[in-house]
Amino acid sequence: MPPILEVTNLTKRFGGVTAVNRVSLSLDAGRIYGLIGPNGSGKTTLFNCITGLVRRDAGEVRFKRRRIDGLKPHQVFHHGIGRTFQVIRVFPELTALENLMVVTTGDHARACRRAGELLRFVKIESLAGEYAGNLSYGQQKLLEFIRVLMTDPELILLDEPAAGVNRTLLNELLDAVRALRDRGKTILLVEHDMKVVMGLCETVFVLDHGEKLAEGPPGVIQSDERVIEAYFGR
Amino acid sequence: MRRLGLAALAALAVVALALYPLEGTGYGVRVMLQLFMWIALAQSWNLISGLTGYVSFGHVAFYGMGAYSTAIVIVRLGWPWLPAALLGGAMAMVLALVIGWPCLRLKGPYFAIAMLGLNEVLRVAASYFEGLTGGGLGLSLPTLHASVPIYYAMGLTAAGVTLLTYVILTSRFGLRLMTIREDEVAAEAMGIDTHRYKLYAFLLSAVAPGIVGGLSARDQGYIEPISVFPLLMTITMIVMVLFGGKGTIWGPVLGAVLLFTFQELVWARFIYLHQLLFGAIIVTVVLLMPRGILGVLQQKYNLPRTI
Amino acid sequence: MNPFITPVMLGQVIISGLLAGSLYAMVALGLGLIFGVMRVLNIAHGPLLMLGAYVTFWLFSTVGLNPYLSLLVSMPLLYLLGMLLQRFLVRRVVDAPELSSLLLTFGVSIALVNVAQLAFTSDLRAVEYLTGSFVLGPFAFSKSRVIACAIAIAITVSAFLFLQKTRLGKAIRAVSQSREVAQVCGINVGRIHMIAFGLASALAAAGGSLVAVMVAIQPEMGQVYTFKSFLVIVLGGAGNYPGALLGGLLLGLIEQVSSLFLTTQVNEAVAYILLVLVLLVRPTGLLGGRAS
Ligand SMILES: Nc1ncnc2c1ncn2[C@@H]1O[C@H](COP(=O)(O)OP(=O)(O)O)[C@@H](O)[C@H]1O
Ligand SMILES: [Mg+2]
């Protein structure tokens, strides 16, 4: 099986800052990957480059062998890559149900059914008619998460899904992520909590100052000198 | 039950408005016709700006385009007024396509400024192409007493845009337009081709101003560049929408009715203070009720958008 | 329009363009300051300029005050008015979407025009003070334009020195870079906003007093300056203050040079077409600037 996502020498600069510097990664289908690194190391920017929200300066992104760099975000989405944001971005003046309904263009009844399923999947079906802006932080986080799933994307990028989420909710989220993986989806998630990463990811990439510092199973990564230095040194 | 009552009330209003020209005076018909025009204009602005949040600060350009297209084919080619006005609507859409394709990529204040500038360009163009438009002297249309049929045409246009708004607001297309207002980046990331959607909304919002521009050119019998491209007219539609409640169906109608009535009853007496009063109204609406009457009610009583 | 363009004519329009441009730059600096510091597009900027012109006219026609000295009255007066506008109205739309600030300042704008109509009627007024031209070789320049340019340059330079060198000026720039950071550094942002709006209004007033000697004064004269100032800050890049200067000069030049080829009427559209083109091609301004 060829990798589902292949990033080659991806580079992005903002003025003088090189936010992502010649990063290469390769993801196989059906696995959960972690992306870690100190604040400002370029994790979100990497996501933005993959999903087309910012234009890369150099490098390639291939999804299922097709080049997707240079595409618009909505095109990338329709290729089968969904993402969530580090800072919640639901549509506040749309109801929870409407937040989901806007995503697909297909048959209305099917979309409705799918939205209902997803709301039940994360147990917020009773809030379907509530404006998203009135939901609690955790509920919004869940809503944003299931919004990605409306079209059943093959690759899901989660930017700090666990940040600011309480224990119970976190466990639900992690279970959901595992359930997705078991259905053959590929997940790449940014996470700071090493316990979460250890329990979930099969492979971890470490970014520091925009460069890929290390890659490997979480156990190995955790004891890697360079990684420890990146986090705790200086 | 309440629905039925509302529907009955609406039906009654429609019948009354349809029969009005049989009883009303010529003056009354002209006033009502202008009210319809404002409803259509406000409702159209609401379609693009109320839903997507992109502030069309030169929306009167479509009105002017419609007015000139209509007047030109009536004067130069002798078209009857109804097809001429429809052509005005079509030309306004063409203009919207030409402007919107590039400009809807601009964000926030930059789009507003671009629209403001384009409206001025059109005004200058209208006086420049003298052979076609009569230049700064304007165009006089042949005399025709058609206020009553124009009354119906205006009324239908106003009703048409309101119906269109209803259809859009209750569809997923409308929801997607609103995601652009709520968070354009997230909308893109969720697979919505925001540029295309904005363009569709912009095109739809240009038709009715084009048609009513043509109709009022016919009704007034004379147009000139400054009378059909005034910034003040754009502002008036915006204030009507804000006052009534943007992003709702009846907000623009309510705003147009209230502001227009106020204008007819009160302003006529304070000719010298017109602008000062209007300025005060604008400031009051912006500062004290940015959500508008229906917006406030909607929030307070948790009503659907479709009010 | 004119097939016989000689080098002398070209030289003449280039210099005229720079003369006019320095005035645009000064006025637009004010608009840019307001946009940079509080992200408000001030449509009332032109009408404030119009008020400055009327102050000069009024002082000239009642007490015969030298129009250039009247700057000493119009600028402080409008500074005060600007502070009041900011304090009571504009303050409340600083963080609102652009629609609110555009509408609010439009409301203020028509109210100001109306006040001017009530006070001075809509008749065209003129300050006939300085006529004639300086002649320099083959070129001739109206005296009023040369003096206006010199004063505009002096005022603009002072404004720059103020922004660059003084504590208050630095505070203003800090707020325009990042309000949060400024706040954390103990800067009273509300006060800075008032001062910035006051300064901007004073710059508009200076523009008004200077043009009062050159053009007909009437209540509606301001709007075109609002548009031109928009264009200048778009050319220069929003939030880029030196950019506003270059933008102003550029606008003056373009207008004058294109007047060689186009009728006055079409020439009016040049500025607007340019505005839209620049926005489309380089929304961050020809000279770069802060993307928003
Ligand atoms: N839109 C932007 N403009 C300028 N600099 C940016 C932008 N986005 C990110 N950066 C910079 O890029 C670097 C990486 O940021 P980011 O990708 O958000 O890191 P992380 O998600 O790992 O915390 C930081 O130095 C940040 O300041
Ligand atoms: Mg991040």
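This one's a predicted model, so the numbers in the text were calculated from it and none came from an experiment. Protein chains get the first letters and strands the later ones, always in sequence-line order, with residue 1 at the start of each.
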Legend entry - Options C:I273, C:L102, C:L118, ranked by heavy-atom pairs under 4.5 Å with chain B, top entry: C:L102
Inset, instruction - Taking atom types as modelled, find out whether C:Q117 and B:Y272 have a side-chain donor-acceptor pair closer than 3.5 angstrom. - result: no
Inset, instruction - Could you tell me which portion of B:I282 (side chain, backbone, both or neither) has an atom closer than 4.5 angstrom to a non-hydrogen atom of chain C? - result: side chain
Inset, instruction - Determine, using ring centers only, whether B:F278 and B:F270 are less than 6.0 Å apart. - result: no
Inset, instruction - Using distance alone, with no hydrogens and no angle criterion, decide if B:E184 and B:Y54 have a side-chain donor and acceptor under 3.5 Å apart. - result: yes
Inset, instruction - State plainly whether the residues C:D95 and C:R179 are in salt-bridge range, i.e. N to O under 4.0 Å. - result: yes
Inset, instruction - Using modelled atom types only, decide if a donor and an acceptor are shared between the side chain of B:E224 and the backbone of B:I226 within a distance under 3.5 Å. - result: no
Legend entry - Heavy-atom contact with chain B under 4.5 Å, split by part of C:L277: neither
Legend entry - Region of B:F111 in contact with chain C, defined by heavy-atom distances below 4.5 Å: neither
Legend entry - Side chains of C:S258 and C:N267, donor plus acceptor under 3.5 Å: yes
Legend entry - Heavy-atom contact with chain C under 4.5 Å, split by part of B:L232: both
Inset, instruction - Using non-hydrogen atoms and a 4.5 Å limit, figure out which bit of B:P290 sits close to chain C: side chain, backbone, both or neither. - result: neither
Inset, instruction - Step through the shown structure and confirm whether more than 12 heavy atoms of other residues, nucleotides or ligands are within 6.0 Å of NZ on B:K246. - result: no
Inset, instruction - Report the option among C:L274, C:L103, C:V115 that has the most heavy-atom pairs separated by less than 4.5 Å from atoms of chain B. - result: C:L103
Inset, instruction - Classify the ring geometry between C:F120 and C:F57 as parallel (under 30°), tilted (30 to 60°) or perpendicular (over 60°). - result: perpendicular
Inset, instruction - Return the option, out of C:L99, C:L231, C:L275, C:V113, with the maximum number of heavy-atom pairs under 4.5 Å with chain B. - result: C:L99
Inset, instruction - With a 4.5 Å cut-off on heavy-atom pairs, point out which of B:I235, B:V124, B:V283, B:V121 contacts chain C the most. - result: B:I235
Legend entry - Toward chain B, the part of C:L41 with a non-hydrogen atom under 4.5 Å: side chain
Inset, instruction - Mind ranking B:L242, B:V286, B:L122, B:I281 by heavy-atom pairs under 4.5 Å with chain C and telling me who comes out on top? - result: B:V286
Inset, instruction - Specify which of B:A114, B:G108, B:A280, B:A125 makes the most heavy-atom pairs with chain C at under 4.5 Å. - result: B:G108
Legend entry - Contacting region of B:L273 [heavy-atom separation from chain C under 4.5 Å]: both
Legend entry - B:S205 side chain to B:L47 backbone, donor-acceptor under 3.5 Å: no
